[in-house]
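Quantities reported herein were computed from a predicted structural model and do not represent experimental measurements. Each chain gets a letter, A, B and so on, in the order the sequences are listed, and its residues count up from 1.
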Number of protein chains: 2
Amino acid sequence: MRHRLKDVAERAGVSVKTVSNVVNGYVHVRPDTRARVEEAIAELNYRPNLSARHLRKGRTGVIALAVPELDIPYFAELARYVVTAAADYGWTVLIDQTGGRREQERVVASGITDHLIDGLIFSPLALTAEDLAGLDGTPMVLLGERVDHGPADRVVIDNVTAAREITDHLIKLGHRRIAAIGSQRTDEGASARLRLAGYAEALRAAGLPYDETLVAPAPAWHRADGAAAMRGLLTAGVRPDAVFCFNDTLALGALRALHEAGLRVPEDVAVVGFDDIEDGRFSIPTLSTVAPDKERIAQLAVELLAHRLDGDRAAPAKELSAPYRLEIRESTQAP
Amino acid sequence: MRHRLKDVAERAGVSVKTVSNVVNGYVHVRPDTRARVEEAIAELNYRPNLSARHLRKGRTGVIALAVPELDIPYFAELARYVVTAAADYGWTVLIDQTGGRREQERVVASGITDHLIDGLIFSPLALTAEDLAGLDGTPMVLLGERVDHGPADRVVIDNVTAAREITDHLIKLGHRRIAAIGSQRTDEGASARLRLAGYAEALRAAGLPYDETLVAPAPAWHRADGAAAMRGLLTAGVRPDAVFCFNDTLALGALRALHEAGLRVPEDVAVVGFDDIEDGRFSIPTLSTVAPDKERIAQLAVELLAHRLDGDRAAPAKELSAPYRLEIRESTQAP
DNA sequence: CCTCGTTTCTACAACGTTGTAGGCAACGTT
DNA sequence: AACGTTGCCTACAACGTTGTAGAAACGAGG
């Protein structure tokens with residue numbers, strides 16, 4: 001049922017290599033020969049065997065995208081854009097879930113997918129720079145700043161400035177007691193650290209005090225963590241007039257907790273998030289947020305990978321920055 | 001940098017095949033030989049070349065999952081479970097986005113991934129049975145009932161009964177004017193048709209009239225479509241006391257539209273959805289819904305594929321049914 | 001007519017792996 | 001002592017493709 005070059009060759013009365021040449025668009029093939037071969041290909045519904053092709057060529061045409069979890073909206077949206085961007089290069093994307101577990105991430109990074117993939121786009125949560133050091137493996141592009149000064153190409157957004165700007169938005173509206181939800185231990189949350197830094201910068205610039213009690217940690221950044229952190233603040237008697245959540249799912253959880261506590265958003269408390277996931281455009285109220293250009297992030301990552309594959313694999317690591325913008329919606333207004 | 005069996009063989013002082021035997025766990029290898037080989041493997045950090053292995057074996061160890069869009073929460077959650085279930089069989093999952101476009105779906109079904117994949121789990125939106133007929137291609141498992149009586153294995157849930165039960169839940173609470181959002185043209189929305197049938201059945205069983213004006217179509221099942229449909233109903237002067245949305249994203253959109261219209265959920269209007277996506281557990285109000293067992297769906301699909309791969313490829317198509325349950329949350333209460 | 005270059009095509013080897021067939025010891029059985 | 005059996009290992013071929021080298025056919029230029 002499945003045919004090979006040989007079958008096509010026999011049917012068209014040419015050599016195997018000529019069929020290969022036709023399939024690969026080699027120029028020096030007489031038009032009538034080409035036509036005969038193409039006819040045979042169509043009749044047999046021939047499709048190249050990629051395993052064989054790639055064994056021969058050393059390239060597979062498949063790249064992997066490794067993310068912590070697919071059902072985290074941010075990663076789902078990102079995955080979508082990566083798949084689309086990769087299609088422009090004729091690549092298929094294989095998606096790996098690491099669960100954010102360091103062990104699994106290390107396995108992925110060291111090439112669990114073996115010779116199956118040409119390159120890897122990697123959004124690590126728990127991986128350290130040491131894990132990456134001394135990897136002979138496949139070319140890799142990292143997303144986000146989880147791994148500092150790693151040996152690999154990287155796409156980031158300016159988290160500090162973005163966090164400062166969204167905090168500034170709250171300050172400009174007149175908020176004074178601005179809580180932050182999502183801080184993490186330094187060694188595990190690089191994004192958290194940078195966003196917290198931006199938050200602190202904005203407060204300082206406005207002459208507002210940095211109040212430890214207003215900063216709530218969140219072990220992970222899921223809705224449940226946001227809800228728990230917000231409840232924790234309220235239970236502790238902390239009563240902010242605005243909350244900066246370090247991502248949108250945290251913010252959606254916080255909205256939920258505020259609602260349960262009988263507080264209105266934005267009338268009693270303003271809430272902002274980060275990531276601009278689709279939920280936030282339909283939540284009640286809709287969510288003001290920092291909107292990183294996910295499409296651009298995906299494009300840049302794929303581009304970096306393409307350069308790395310075609311060019312010098314030993315070239316120094318590049319870091320590209322993707323743009324973002326503020327999306328102001330219903331969840332913020334003056335107190 | 002990358003080593004082959006040959007390199008390991010030379011280092012261990014054995015034949016290539018013996019190394020292969022060790023790698024594949026063949027029994028008849030003397031312990032000391034095995035140890036020597038394993039040492040060499042470790043020293044060289046040898047990893048098998050999957051392209052070569054699969055060229056030889058005819059299997060790739062990769063299956064594809066084709067879904068309309070990754071950033072639709074239902075599919076993202078499903079994808080997560082499929083990846084996990086496939087891992088139990090040692091399979092890697094390659095995720096394809098069809099965008100729900102028939103052309104793209106046809107391409108995927110006919111094997112765009114060529115010889116790269118052993119099988120396909122496919123959640124089609126626009127594909128017809130004719131598109132699938134006469135496909136020589138890879139073994140396939142369909143999710144959902146989009147394609148009737150297709151030639152392929154299938155995993156479904158009992159949409160009619162589930163829809164009847166959730167509608168019944170609304171009726172039991174005392175609702176009488178129950179709207180339905182998400183109907184589609186018969187030829188494109190099999191799930192829509194079945195859920196509508198269940199809705200109608202429940203009304204009939206309760207002696208309630210089936211009122212055309214209460215049924216709103218939705219071209220796609222995104223939040224925006226749900227919001228638009230709900231707004232449409234309200235603008236037309238229709239004032240239901242409950243709404244059955246054919247999936248959760250529609251329901252989240254409807255919540256949004258009701259909120260904008262100044263109607264309270266569940267006090268003024270009760271709302272139910274279908275799918276049990278995570279958003280619905282944190283929305284305001286939290287969403288009553290039909291919760292299909294997505295983990296089970298994924299397991300069954302992978303299992304069917306495994307059987308098809310190992311067993312008789314010409315065996316008649318099987319259809320398995322996955323369980324579901326009702327999740328009653330805040331969005332429904334007596335009027 | 002010869003030479004040379006170009007076009008068109010082919011034969012062969014190789015990519016890294018595993019199935020098959022078989023060889024050589026070592027052992028137990030007759 | 002001869003024989004079969006078993007355990008352990010190896011050589012070889014093959015999976016389907018493409019790069020390399022080169023053959024055959026042809027035309028142009030001398």
message: Tell me the bend of the helix from C/dC1-D/dG30 to C/dT30-D/dA1 as the angle between end helix axes, each from five pairs, rounded to the nearest 10 degrees.
response: 60°
Distance below 4.0 Å between [X] side-chain N/O and [N] OP1 or OP2:
X: B/Ser20; N: C/dT17; result: no
X: A/Thr33; N: C/dC9; result: yes
X: B/Tyr46; N: C/dT17; result: yes
X: B/Arg53; N: C/dT18; result: yes
X: A/Asn21; N: C/dC9; result: no

Closest to the [X] side chain, choosing from [options]:
X: B/Val29; options: C/dT18, D/dC9, D/dT18; result: D/dC9
X: A/Ser15; options: D/dT18, C/dA11, C/dC15; result: C/dA11
X: A/Arg4; options: C/dT18, D/dG16, D/dC8; result: D/dG16
X: A/Tyr26; options: C/dT8, C/dG19, D/dT17; result: C/dT8
X: A/Leu5; options: D/dT18, D/dC9, C/dT17; result: D/dT18
X: A/Lys57; options: C/dC15, D/dT18, C/dT17; result: D/dT18
X: A/Thr18; options: D/dC8, C/dT10, C/dG16; result: C/dT10
X: B/Ala52; options: D/dC9, D/dC8, C/dG16; result: C/dG16
X: A/Arg56; options: D/dT17, C/dT10, C/dG19; result: D/dT17

task: For B/Leu309 and B/Arg59, run side chain to side chain contact (heavy atoms under 4.5 Å, CB included): C-alpha distance rounded to whole Å, both residues' side-chain angles, the deciding distance at 0.1 Å, then the answer.
output: CA-CA 10 Å; B/Leu309 285 174; B/Arg59 288 267 195 107; 3.9 Å; yes
query: Given side chains that start at C-beta, do those of A/Val14 and A/Arg36 come closer than 4.5 Å, heavy atoms only?
result: yes
message: Quick one, A/Leu305 and A/Tyr89 - any side-chain contact, counting heavy atoms below 4.5 Å?
response: no
statement: Separation of D/dA14 atom P from B/Lys17 atom NZ, nearest Å, is 16 Å
query: Whole-Å distance between D/dG16 P and A/Leu50 CG?
result: 13 Å
